[in-house]
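A short write-up of the structure that comes next.
In what follows, chains carry the letters A, B, and so on, assigned in the order in which the sequence lines appear, proteins first and then strands, with residues in each chain numbered from 1. Everything quoted here is computed from the prediction, not taken from an experiment.
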Amino acid sequence: ETGVTQSPTHLIKTRGQQVTLRCSSQSGHNTVSWYQQALGQGPQFIFQYYREEENGRGNFPPRFSGLQFPNYSSELNVNALELDDSALYLCASSHSGGASYEQYFGPGTRLTVT
Amino acid sequence: GENVEQHPSTLSVQEGDSAVIKCTYSDSASNYFPWYKQELGKRPQLIIDIRSNVGEKKDQRIAVTLNKTAKHFSLHITETQPEDSAVYFCAAKNQGGKLIFGQGTELSVKP
């Protein structure tokens with residue numbers, strides 16, 4: 001298992017509410033990427049954080065936002081939840097600026113929007 | 001836009017046979033190609049990867065090949081075992097660091 005952790009593991013929210021998901025990166029890693037994985041699909045890139053700034057964004061609306069903290073942990077915030085936001089949210093930790101390209105995933109947060 | 005196509009979507013083999021999963025990518029600037037294995041209810045696990053300056057890489061029963069000209073890369077699993085059963089995802093990383101995933105292949109290895 002990797003050293004990447006996520007919380008909470010499961011979450012149920014109502015349409016229109018807001019949610020915050022958390023990710024702690026693996027030791028030595030300075031970059032966190034967030035992905036949305038719908039059932040039966042591959043992970044879809046949401047955005048990446050490096051040095052506390054957004055460093056690339058996928059095709060997701062502005063109600064998906066994030067933060068990275070000085071210890072490289074990260075949060076994903078989703079406002080005005082929609083039913084289609086129900087998915088597994090994965091963060092992946094990596095080290096930018098070195099020779100390694102590998103990204104290691106956390107266990108994910110299963111979000112259900114009702 | 002950037003896209004990764006993965007085939008087949010499902011693959012069933014007998015234990016001991018080989019399995020091959022193929023992917024194509026659209027962004028010619030992609031320079032890193034990892035493969036992930038995801039068991040039901042678990043996180044994707046990196047099993048092997050290849051960079052654009054290498055044509056082939058092998059790790060025990062798993063190998064990956066890359067054809068940059070054709071923008072194809074493939075995962076080869078030899079001597080398959082029931083514990084290889086899972087969903088496998090290919091991905092391509094562009095120079096901006098974004099990983100684009102394929103749609104996944106559900107591999108079933110029958111004893």
Turns out that what part of B:Pro34 lies under 4.5 Å from chain A's heavy atoms comes down to neither

Under 4.5 Å to a heavy atom of chain B? For A:Arg110 that would be neither

Has B:His72 got a side-chain atom pairing as donor or acceptor with B:Lys22's backbone, closer than 3.5 angstrom?
no

Correct closest heavy-atom pair for A:Leu67 and A:Ser74 would be O-OG, 2.7 Å

Under 4.5 Å to a heavy atom of chain B? For A:Tyr35 that would be side chain

Okay, B:Leu99 and chain A: the region with an atom under 4.5 Å from a heavy atom over there is both

Applying a strict 4.5 Å limit to non-hydrogen atoms, the region of A:Gln48 in contact with chain B is side chain

**Item:** Any donor-acceptor N or O pair under 3.5 Å, side chains B:Gln6, B:Thr105
**Value:** yes

**Message:** Under a 3.5 Å cutoff, is there a donor and acceptor pairing between the side chains of A:Gln18 and A:Thr20?
**Reply:** yes

Just checking A:Glu75: does its CD atom have more than 12 heavy atoms from other residues, nucleotides or ligands closer to it than 6.0 angstrom?
yes

Okay, A:Gln37 and chain B: the region with an atom under 4.5 Å from a heavy atom over there is side chain

